[in-house]
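Step one of this worksheet: look at the structure below.
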Number of protein chains: 2
Amino acid sequence: MNTMAPTLLLVEDDPALAELLVWSFEAEGYKVLQTPDGEEALLIATETPPDAIILDWMIEQLSGIEVCRRLRRHPELASVPIIMLTARGEEEDRIRGLETGADDYVTKPFSPRELTARLAAVMRRTRPALAGQTMRIEDLELDPVAHRVRRDGKEIALGPTEFRLLQHFMERPGRVLSRAQLVTGVWGHDSDIEERTVDVQVKRLRAAINSTGGRDMIRTVRSAGYSLG
Amino acid sequence: MNTMAPTLLLVEDDPALAELLVWSFEAEGYKVLQTPDGEEALLIATETPPDAIILDWMIEQLSGIEVCRRLRRHPELASVPIIMLTARGEEEDRIRGLETGADDYVTKPFSPRELTARLAAVMRRTRPALAGQTMRIEDLELDPVAHRVRRDGKEIALGPTEFRLLQHFMERPGRVLSRAQLVTGVWGHDSDIEERTVDVQVKRLRAAINSTGGRDMIRTVRSAGYSLG
DNA sequence: AAGCGTTGTCACAATACCGTCAATCAACTG
DNA sequence: CAGTTGATTGACGGTATTGTGACAACGCTT
């Protein structure tokens, strides 16, 4: 079993439904943070980013769409999957929900089983790292929970950006990622970063993970990008 | 500066939807050209043929069906896959769309994921390399995702142009390609490259893929071109 | 407020790679 | 067998692409 449970943030203002969902998520082994309040949800999410967010469309303080949009603005949260709960007949809203960046939606009424299944699917798709635990490529390992990186057992200190960059690589081992892909994936899709900055961060990451010795695990693919593996 | 990212042409006049789709396609690694205008779409498509076209049924200037028909008239574009976006209740049109040569259709409302999945399916059919499938001819294999080429299991280093050239060959196994075809296919339609340059790159590619031993897999067809197989 | 680590950007250095050419070679023609 | 046409090859200079060090701005911690 997994030592660390994936954390969910549930934003739902119907107490009965909330309780039911908390119960069924916990039965699946998730740790659940719950709030009925959109503002509070934003606070929680930015402070301790959860591994996924379940967001009811109809909540009191803020509309679900607004919460969703604000969440997506944070680069830290840009890749956290969001599932929206919509009532029947909110088809219009559903579309707009997807536009603002929700990964999936579930229409009420639904069975808890259906929701957990969707959640599992979304998590598997978007964050393979979170489904399993620490990722490993040869002697390089990254623990996303503890925020630690080791090479050949020896701890490696990385800056936040370097860490995210490495995690991005390790979630896609062997794949060549273009500078543009890395910019949107690591810095966020609305970032106005120079593409050459990727080069510099790659250089820094390289220096860090090669500092303990061993081959250079990042491959430069000329006129294409970089890949790890 | 020719990257190997597959290029899409998105013809959609709803700005919100267009933006969403551009975002999600780019997240999947596509390069996206976008226009709300059918006429302009035709221009773009004929000048720089994309790898696939996403076409909304309801656009302003021309009906989607007309755009589709005109696109199909160009021999250059005859094999480019077209996916139509239709609103619910346009069943009639959907059928006529398929009749006029669309490869697939997606009914609104749809999730971006659904569309990218359909697109991937269509691309897999028509351009295996772009869908990320590794291609193989005898003991020669090319992995477009990892940007790797192997002969008899042994890795082969290729320059960017050599790589694109080989990929172009492997997508058309056994076919004799003229120098002119290779120039436009590998260097781009607006390239002012000497045709003799093709010879040189073929020589370099030959040297590379034969360096591990084995027969010469590139056949010279005098006064016609080259073929791989 | 000062100190520290991190980060984005720039300018320049170091390459890898590419296109062209001219000479050579091979293939077809009569 | 010459003669002609087309293909191969090695060399070379130019250019596009990447690596690198420096630096100023920023945010955190003390």
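Labels below follow one simple rule: chain letters A, B, ... track the order of the sequence lines, proteins then strands, and each chain is numbered from 1.
Rounded to whole Å, atom P of C:dG8 lies 13 Å from atom CG of A:L182. As a whole-Å value, the separation of A:D192 CG from C:dG8 C1' is 10 Å. For the pair A:R219 CZ and C:dA16 C1', the interatomic distance rounds to 15 Å; values are reported in whole Å. Rounded to a whole Å, the CD1 atom of A:I218 is 10 Å from the P atom of D:dG19. Between A:L158 atom CG and C:dG5 atom C1' the separation is 14 Å, expressed in whole Å. For the pair B:R164 CZ and C:dC17 P, the computed distance is 13 Å after rounding to whole Å. Atom CG in A:D199 sits roughly 14 Å away from atom C1' in C:dC12 (whole-Å rounding).
The only option from B:L115, B:V11, B:L9 that meets the side-chain contact (heavy atoms from CB on, under 4.5 Å) definition with B:I54 turns out to be B:L115.
Residues from residues 200-216 of chain A placing a heavy atom under 4.0 Å of any atom in DNA chain C, listed by number, are A:V200, A:Q201, A:R204.
Ionic pairing of B:R136 and B:E141 is present here: one or more N-O contacts between side-chain nitrogen and carboxylate oxygen are shorter than 4.0 angstrom. One finds no salt bridge joining B:E138 and B:R151 here, because no Lys/Arg side-chain nitrogen approaches an Asp/Glu carboxylate oxygen to under 4.0 Å. Salt-bridge check for A:R150 with A:D139: failed, with every basic side-chain N at 4.0 Å or more from each acidic carboxylate O.
In this structure a side-chain-to-backbone donor-acceptor pair under 3.5 Å is present from A:Q34 to A:E12.
Within the 4.0 Å cut-off from OP1 or OP2 of D:dT17, not a single side-chain nitrogen or oxygen of A:S223 is found. The phosphate of C:dG19 (OP1 or OP2) has a side-chain N or O of B:W187 nearer than 4.0 angstrom. Look at B:R196 and you'll find a side-chain N or O under 4.0 angstrom from OP1 or OP2 of D:dA7. In this model, the phosphate group of D:dG19 is approached by a side-chain N or O of A:T220 to a distance below 4.0 Å at OP1 or OP2.
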I'd like to know whether B:R206 forms a side chain to side chain donor-acceptor pair (under 3.5 Å) with B:T220, so could you lay out the CA-CA distance, the side-chain angles of the two residues, the decisive distance to 0.1 Å, and finally the verdict. CA-CA 11 Å; B:R206 265 185 170 138; B:T220 304; 2.6 Å; yes
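Closest contact between the side chain of B:E162 and the listed nucleotides C:dC18, C:dG8, D:dT8 involves C:dC18. Nearest nucleotide to the side chain of B:I193, out of C:dG19, C:dT7, D:dT18: C:dG19.
The base of D:dG6 has none of its N or O atoms less than 3.5 Å from a complementary donor or acceptor on the side chain of B:R179. Remark: the A:R222 side chain and the D:dT17 base include a donor-acceptor N/O pair separated by less than 3.5 Å.
Environment of CZ in A:R148: sparse, with no more than 12 heavy atoms of neighbouring residues, nucleotides or ligands closer than 6.0 Å. Within a 6.0 Å sphere centred on CD of B:E19, other residues, nucleotides and ligands contribute 12 heavy atoms or fewer.
Base engagement by A:T197 is indicated by at least one non-hydrogen atom pair under 4.0 Å involving a base atom. Contact annotation for A:Y226: backbone-only contact, meaning every heavy-atom pair under 4.0 Å involves sugar-phosphate atoms and none involves a base.
In summary, the side chains of B:Q201 and B:T161 do not present any donor paired with an acceptor at a separation below 3.5 Å, with no hydrogens or angles considered.
An end-to-end axis angle of 30° holds for the helix from C:dA1-D:dT30 to C:dG30-D:dC1, taken from five base pairs per end and rounded to 10°.
Ring planes of A:H147 and A:F163: parallel class, angle under 30° (limits at 30 and 60°).
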